[in-house]
Asks: 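Quick one: this structure, given as structure tokens, is what I'll be asking you about.
Quick note: numbers below take in every heavy atom, side chains included, and nothing from hydrogens, waters or symmetry partners. Each chain gets a letter, A, B and so on, in the order the sequences are listed, and its residues count up from 1.
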Amino acid sequence: MSQSEPGQMTQQAEIPDGGVNRQFALLDEFVASLPYKKENLIAILHRAQEIFGSLPEEVQMHIAYLLDIPAAKVYGVVSFYSFFTMKARGRHVVNVCTGTACFVRGAAKIQLEVEKQLGIKTGETTEDGLFTLESLRCVGACGLAPVLVIDGKVYGKVEVGQVKEILGEYREK
Amino acid sequence: MAVELTINDIPVSVPEGTTILDAARTINIDIPTLCYLNLHEMKLNNHIASCRVCVVEVEGRRTLAPSCSTPVTPGMVVKTDTPRAIKARRTMVELLLSDHPKSCLTCSKNLDCDLQALASDLGVRNITYEGEESRFAIDKSSKAIVRDPNKCIRCRRCETMCNEVQTVGVYSAVGRGFETVVKTAFDLPQHKTSCTFCGQCLAVCPTGALTELDQVDKVWKALNDPERFVIAETAPAVRVALGEGFGLEPGAIVTGKMVAALKRLGFDRVFDTEFAADLTIVEEATELMDRLKKGGRLPILTSCCPAWVKFFEHQFPDLLDIPSTCKSPHEMFGVIAKKYYADLMGIDPQRITVVSVMPCVAKKYEAARPELGRDPKTPDVDIVITTRELARMIREAGIHFGALPDEDFDQPLGESTGAAVIFGTTGGVIEAALRTAYEWITGRPLARIEFEEFRGMEGIKEAVIDMAGRDFRVAVTHGLGNARKILEKIQAGDSEYDAIEIMACPGGCIGGGGQPYHHGNMEILKARAAAIYREDRNKTLRKSHENPAVRTLYEKYLGEPYGEKAHMLLHTHYIERRKI
């Protein structure tokens, strides 16, 4: 019983990286610019993910603090939407569309090929931190199925043989 | 405006906006429900319509309607008992059971579970759907609450209670689809969150997903250890609720039978937390007078409720200096038992085990707070069991509770006044404090001993008491959401109060998280509160400072109230905690 009690206030660790402080400052600035804050939780999470690349615990805690809402609520929303991620993502985010049209036109094969080329499963990030592979459902370009999206750039009518070359462009960037 | 409709061919007239469920209740039809819970007195309304157990047929409507969230319309023709509705309800429960452990026999909610009762009432006789079952880790990290998400049916009553009524916000639905479950932020163990351990989540949980940490076996072990001198102390609210565990009317006063049962279980002494409640009043009233005299900070806030204490430590760390520094009564009792009583009897305090019987699960957590004991080896209180756990021990021992004779508490720590009894309900602590403070401050006897203005289930109650020409402003609040409103006023500097009583549980301790389950029936809480006030009127002495055993304690042992020794033993301090 003599051990320090769980939940007790501990000194917040100093953030050594000026870059992280800058990221938090950007987020604070964005939140401060909003006339309604609690109502804009999802928009704030989008912006935060843009700034930090993902939504780790400390970012969610900070948002809960800024909006004066329970951290559990922030976590509930983050866990609900597949767009939000708590894990750090790679420099390039590869998305294979697995919506109906793309699926019919062979998205599964494209997905397998990307996995093979990157040596990871969907949802994972390569060890060198260069690529994260995700899947999404329909980008509204069904005429171009199957579709591959990298960092927001859409590749249409993709064939298995092209995957290596497309990824190659990003390896060099 | 009234709306006319028929339910099962019976004409019904109800106000606009009434749900089908409530309309049916006016003609004594209880449509089965599960996730739905509407407790007006607590301002809790969980009507997310997710379980679909309350579906009924509405003429002209293609699909079945969830009666809990469908308002009546003029001329509506509702059928609650058609084969289609009955079959749909049963199917809903069967689907819920497909992802629910079938371990009812070993569940702590066995025979007290809403889901189980529903399965029985709706005639579920087969596990129709076998499929994937959720697998989550059970959280036993805290000293008070056990969370087994495998038994969660996603009704979200706990979330509504914690977020909206208590405004603590520990829980959220996490994930989506089949994976959804109610959890803490980042799956943190409960003890690392801002959880106050008030236990209101488990008071409304329809299954065994949320329960108290069971400490019955620890008590049995102590009772059967010949080296241990085992003392029981019982909180005021236990005696007006324990009977419910044995089929007695809610509000039955079973003080004498409870004492008899504890003696038969083998406790060496059966004492009363009420003795320490009187002691608390003497200390707290003296502390108040000290603040008035020295111009100390007002309002003074009561500190008997451990969930409330943890709430302000997390949520209002800037206000740590205004609550009274008095330990809660059961902690005061523990330290007096291990110092004064041990001295009196010549017993080594290390041999004493103090068992608190409480209407509360937060008391389990409180007893484990490291600062509440003179050294790590002698905590003020060793074990805390709830009213429910005591009822179970009595059943385990095969004691026929209803047939027990009335027996008296042991002395001297069994002596108490009416002021101590009313600690068990909202408004009671301040009423008890005023009975003493008024006489001490004004030097006059109190003409009117009962303070009606602080009684009842109203969320925030206020009154101005004339104390020898000085207006003394008092507020009473219960439920942590109500407490938050008052504390925000204090923070903003808009408070003119002199004293505020705060209890975490709606209704106060009579509605505590450790009491027999109310299953949504608020009349039970009202009956318990009425019993508390009856018990007060039954007492000859009704003011704490008149308790002769408390007077002797000061004369022979403590010295002055709020003096040096009292400070060392009966007062505590608070700790700033992180909000999460």
Asks: For B/V174 and A/G76, work out which heavy atoms get closest and say how close.
Replies: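 Residues B/V174 and A/G76, closest heavy atoms: CG2-CA, 4.3 Å.
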
Asks: Take atom CZ in A/F83; do more than 12 heavy atoms of anything else shown fall under 6.0 Å from it?
Replies: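 Check passes, neighbour count above 12.
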
Asks: So which heavy atom on B/S172 is nearest to which on A/A72, and how close?
Replies: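 Closest approach of B/S172 to A/A72: CB-O, 3.0 Å.
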
Asks: Evaluate A/D68 against B/K579 for side-chain contact (heavy atoms from CB on, under 4.5 Å), listing each step before the verdict.
Replies: CA-CA 10 Å; A/D68 195 23; B/K579 185 168 153 183; 2.8 Å; yes

Asks: Are more than 12 heavy atoms, taken from residues, nucleotides or ligands other than A/R137, located less than 6.0 Å from that residue's CZ atom?
Replies: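 Atom CZ in A/R137 is not crowded, with 12 or fewer foreign heavy atoms closer than 6.0 Å.
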
Asks: What part of B/F186 gets closer than 4.5 Å to chain A, counting heavy atoms only: side chain, backbone, both or neither?
Replies: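 Its backbone and side chain both get close to chain A.
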
Asks: Just do the side-chain contact (heavy atoms from CB on, under 4.5 Å) check on A/Y75 and B/D187 with the steps written out, would you?
Replies: CA-CA 9 Å; A/Y75 178 60; B/D187 301 345; 3.3 Å; yes

Asks: In this structure, are over 12 heavy atoms from other groups packed under 6.0 Å from B/F178 atom CZ?
Replies: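 Yes, enclosed.
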
Asks: Output the distance between atom CD (B/E179) and atom OG (A/S79), rounded to the nearest 0.5 Å.
Replies: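 The CD atom of B/E179 sits 11.0 Å away from the OG atom of A/S79.
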
Asks: Using heavy-atom distances under 4.5 Å, tell me whether B/N163 contacts chain A through its side chain, its backbone, both, or neither.
Replies: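 For B/N163, no heavy atom lies under 4.5 Å from chain A.
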
Asks: Which residues from residues 98-112 of chain A are near chain B, with near meaning under 4.5 Å between non-hydrogen atoms?
Replies: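 The residues closer than 4.5 Å to chain B amount to none at all.
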
